[in-house]
Amino acid sequence: MMAGSSMFDLTLAQARAALRARKISAADLTNAYLGAIEALNPELNAYITVTPELARAQAAAADAALARGEHAPLTGIPLAIKDLFCTEGVRTTAGSRILSNFVPPYESTVSGNLLRDGAVFLGKANLDEFAMGSSNMTSAYGAVTNPWSQPGGNARLVPGGSSGGSAAAVAARLALGATATDTGGSIRQPASFCGLAGIKPTYGRCSRWGVVAFASSLDQAGPIARNAEDCAILLGSMAGHDPKDSTSADVAVPDFAAACARGVRGLRIGVPREYRMDGMPPEIEALWQRGLGWLRAEGAEIVDVSLPHTKYGLATYYIVAPAEASSNLARYDGVRFGLREAGADLTELYEATRASGFGAEVKRRILIGTYVLSAGYYDAYYLRAQKVRALILQDFTRAFHDVDALVTPTTPSAAFAQGEKMDDPIKMYLNDVFTVPANMAGVPGMSIPAGLDDAGLPLGLQVLGRPFDEQTVFAVAATLERAAGFTALPSMRAGVRA
Amino acid sequence: MTYTLEGNTGTWEVVIGLEVHAQVISQSKLFSGASATYGGEPNTQVSFVDAAFPGMLPVINRECVRQAVRTGLGLNAHINLVSRFDRKNYFYADLPAGYQISQYAHPIVGSGTIEIELADGTSKPIGVTRLHLEQDAGKSLHDQSPTKSFIDLNRCGVALMEIVSEPDLRSPEEAGAYLRKMRTILRYLGTCDGNMEEGSMRADVNVSVRHHGEPFRTRCEIKNVNSVRYVMLAIEAEAKRQITVWEDGGAVQQETRLFDVARGITRSMRSKEDAHDYRYFPDPDLLPLVLEEDWVAALRTQLPELPDAKKSRFMHQFGLPVYDAGVLVAEQATADFYETLATGRDPKQAANWMMGDFFAALNRTGRDIGNSPVSAANLGELLDLMADSTINGRIAKEVLEEMVETGETASAVVARKGLRQVTDTGAIDAAVEQVLAGNPDKLAEFRGGRDKLFGFFVGQVMKAMAGKGNPALVNEALKRRLG
């Protein structure tokens, strides 16, 4: 039996091997993680809901299966589930007060796929309310603290968002991996801020069924984990065609993990010149160049490409996403489920329920979305945004005629302090400037930790690929990962301060 | 024959367009697997999709698409191989998602026409602008509690076809004829049961008035009128109201109105200023609906014979006058009944019997062709018994009454009641002698030149034979005896 702290050092792939070899038991692994959650979650607030009984029961079932010599791809692997995925019988809040009492009678397809493959669910991870945010500050269940902090500094940093709880949980070793969702960068930005790997697969790769919707044409589920291989294993289980989601793609799920070992020899890697932004910290520019150098050294050809409509990406996103959100969130009306505030008539009931149930950022986006869809404004905003969106997709399509993948920074900065940028939504929205275009175009994008900034905080590089070619994305990301040799760990983590 | 209304300042023409909401006949709802049948206990036919639970997604029901395309084909309309679903956003308690999924910009069916028949025997083509698929809403019940409203989501998500006409209708009669024809076509196709009382077919009526030759004036929409008769009454009431407004120097305001059946007037529901801003946009949960041309072509070849074609065939094949053909094709079941009856028999006689005595008997017993105790084959046998002189026409009417009462076959009734026609000339001659012997004064009058008494003797002989005498043989025997 392994010592408690070294159990946390196992990656998902290593833990899986140890479980299959019966070197560790699922019960021990799960108990270790539950203990770490108990110790650290009060400080980090990475989980909204912890489900120890359920986790122990699932771990026991995993051990029984392993004892019979049976194992599925994730048998006995403890995970955090972003609280945007509906989980049968387990409260699902979407980080909002309006769903504070909502217990879904159904399991989302993605989380169901993970259970099918033997995973153990530790609990529901914190997030920005309805996945709207880049800092996890908008959650009705409190901010999440990034397990990383500046050495010597005492400012609490944000883990990024919206999948901030997922990233913080994995970084602090309160889970071996986590589900996340990405509408404009909500997997990649927190992965980058927390020194983790995270992939937003191609739109349609993972079913959206049972995932609380933010912006339907952009939302896509994916994993956050310690490295590319762990992400590949998780995505292999999460992905797959689902007839219950009309936008789910009927394409085979390849062996993503095998792609991690492919290397980049002979690949053409594009460097989009429009991602070289004014005011970008020089250390991020330097990291980017270093990453390109590693790829060149591994036999890739580095090519300059142009994505001319990049500069419209963020503006377009902040029309399309709120427009869809304003409609998607209309169902939270206090009539059938969730919070209900009394009112003298139907209109008052709506107003009271939604006024008290939604936080400020959600209200802001509902207002923006309602505005851009209104009669007289639709053509100027929504319709034009859709046209620009088509141009952004065309940029990528053209680029991918010429190159196999693109490499960019994931974010324009490392993690910032809690409370920073809260008074300036535009500044906050700029976090997504590099990640949003992939959502607009539906292409896969992955963040991989590549180094630390001058303050000792992790920075990620982003790999973008062709639709449904996550394998190349994994190949490039894993190559960067090997070259970077990123071994830094956050100060707050299980096994150290547990 | 132009319908006009006289005002104080001249003659007014009425311009009408209809939006028909027809509930699609299908097992399950437009975007969920819940049952689409009518009449379940409240909230027993509701899926999580219908109730718009978090994370639920719509999946298009292929059968509803098939039905919409078949309806489009039946309306001689253009089928759009690519159409799209949009969200129509508004808040209401019986609209769980806060939006209705509908087709706004790109409907599944484009323009078509239907031919309406008018009382004066003329017909008129009416343009169909479009047909689109959309979800029905649930029902709010406000009368169950003094302080609460109850919501029944059974109907929520059931597929509707909204069929929009051009403003081609010019009278309440034309509007009525359009609705009846629409209902007939939908029923022939089996795409909607057309039951306006149960709400499976509803109409919104757009009405405006103008002086002849003018461009269209402002229209008002009368929502949710639930019978053909009310549509006709509502149009007249609304047209008169608008004429008064114009003639009093006012201007009709575009608005939505309701028809108050009890008072026979329309009243304002909401004005243009209060109109919802529905914020239509393409539903990102659904891909564009793309139809295969071959699939549509196959549906076209599999369409049943529709009323216009059947009517024209009945006129040619069976030599029926236009009126008879029109009556017989109005319902598929009637047309099928007639066709079975007429095949191999005298078609004109078959039509007369069906539309006369048979329909009268059904009416009297509160039945219709769908639950008739007399099948087409049985009615046919009755005609056959007449044709081969087993019974005469007068007895046949009596037999039909019995058949409707008891459900027996014609031959069974004839046998049970001994109604077989008497053709034995001996028996007839005996009856003749008996009648003449019993009426010596009448006989004397006849002999004295009162030829009209011949009919009296025929009647008496038939009476003596309890109606069963073969009329021709009775005539013949009397002529011989008196001649």
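Below, read A as the first sequence line, B as the second, and so on, with proteins coming before strands; counting in each chain starts at 1. Scope of the values below: all heavy atoms of this structure, side chains included, with no hydrogens, waters or symmetry mates. What you are looking at is a predicted structure, and each value in this text was computed from that prediction instead of being measured.
Comparing A/A213, A/P104, A/S374, A/G338 by heavy-atom pairs within less than 4.5 Å of chain B, the highest count is held by A/S374. Chain B forms the most heavy-atom pairs under 4.5 Å with one residue out of A/P105, A/A215, A/A94, A/G334, and that residue is A/P105. Annotation: maximal heavy-atom pairing with chain B below 4.5 Å, among A/S327, A/G210, A/S217, occurs at A/S327.
In this structure, chain B has a heavy atom under 4.5 Å from the side chain of A/L99, while its backbone stays farther away. With a 4.5 Å cut-off on non-hydrogen atoms, B/D285 touches chain A through its backbone and its side chain both. Contacts between A/Y203 and chain B at a heavy-atom distance below 4.5 Å involve the side chain alone, from C-beta outward. For A/P243, the part sitting under 4.5 Å from any heavy atom of chain B is the backbone (N, CA, C, O) and nothing else. For A/A323, the part lying under 4.5 angstrom from a heavy atom of chain B is the backbone only. No part of A/T347 comes within reach of chain B, as not one of its non-hydrogen atoms sits under 4.5 angstrom from that chain. Heavy atoms closer than 4.5 Å to chain B are found in both the backbone and the side chain of A/N328. The parts of A/D245 that come within reach of chain B are both its backbone and its side chain, each placing non-hydrogen atoms under 4.5 angstrom from that chain. Only the side chain of A/Y332 comes within less than 4.5 Å of a heavy atom in chain B; its backbone stays farther off. Proximity to chain B is absent for every atom of A/S108, based on heavy atoms less than 4.5 angstrom apart.
Looking at every heavy atom in both residues, B/G98 comes nearest to A/A330 through CA-CB, 3.8 Å. Here the closest non-hydrogen pair linking A/F337 and B/P54 is CZ-CD, 3.6 Å. Here the closest heavy-atom approach between residue A/Y378 and residue B/P282 is recorded as OH-CD, 3.5 Å. Taking all atoms of both residues into account, the shortest heavy-atom contact from A/S246 to B/P58 is OG-O, 3.0 Å. Shortest non-hydrogen contact noted between B/A93 and A/V335 is O-CG1, 4.2 Å.
Going from atom CD of A/E324 over to atom CZ of B/R87 covers 7.0 Å, rounded to the nearest 0.5 Å. With values rounded to the nearest 0.5 angstrom, A/L346 atom CG is found 10.0 Å from B/F91 atom CZ. Taken to the nearest 0.5 Å, the NZ atom of A/K244 stands 9.5 Å off from the CG atom of B/L57.
A/S216 places no side-chain N or O within 3.5 Å of a backbone atom of B/D283 that could act as its donor or acceptor partner. Looking at A/R336, its side chain does come within 3.5 Å of a backbone N or O of B/P96 through a donor-acceptor pair. In terms of modelled atom types and a separation under 3.5 Å, the side chain of B/D277 and the main chain of A/A375 share a donor-acceptor contact.
For CZ of B/R217, the number of neighbouring non-hydrogen atoms (other residues, nucleotides, ligands) closer than 6.0 Å is greater than 12. B/R219 CZ: 12 or fewer foreign heavy atoms inside a 6.0 Å radius. In the displayed structure, A/Y381 atom OH is contacted under 6.0 Å by at most 12 heavy atoms of other residues, nucleotides or ligands. For B/Q27, the CD atom sits in a loose shell: 12 or fewer heavy atoms of surrounding residues, nucleotides or ligands are nearer than 6.0 Å. Shown here is B/Q144, whose CD atom has more than 12 heavy atoms of other residues, nucleotides or ligands within 6.0 Å. At most 12 heavy atoms of other shown residues, nucleotides or ligands fall within 6.0 angstrom of atom OH in A/Y377.
Side-chain contact check for B/Y99 and A/R331: at least one donor-acceptor pair (N or O, by modelled atom type) lies under 3.5 Å.
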Check the pair B/F48, A/Y106 against ring-ring contact (aromatic ring centres under 6.0 Å, His included), reporting the backbone distance first and the verdict last.
CA-CA 9 Å; B/F48 292 123; A/Y106 44 86; 5.2 Å; yes
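Counting heavy atoms from C-beta on, the side chains of A/C86 and B/F53 never come closer than 4.5 Å.
Below 30°, between 30° and 60°, or above 60°: for B/F281 and A/Y382 the angle between ring planes is above 60°, a perpendicular geometry.
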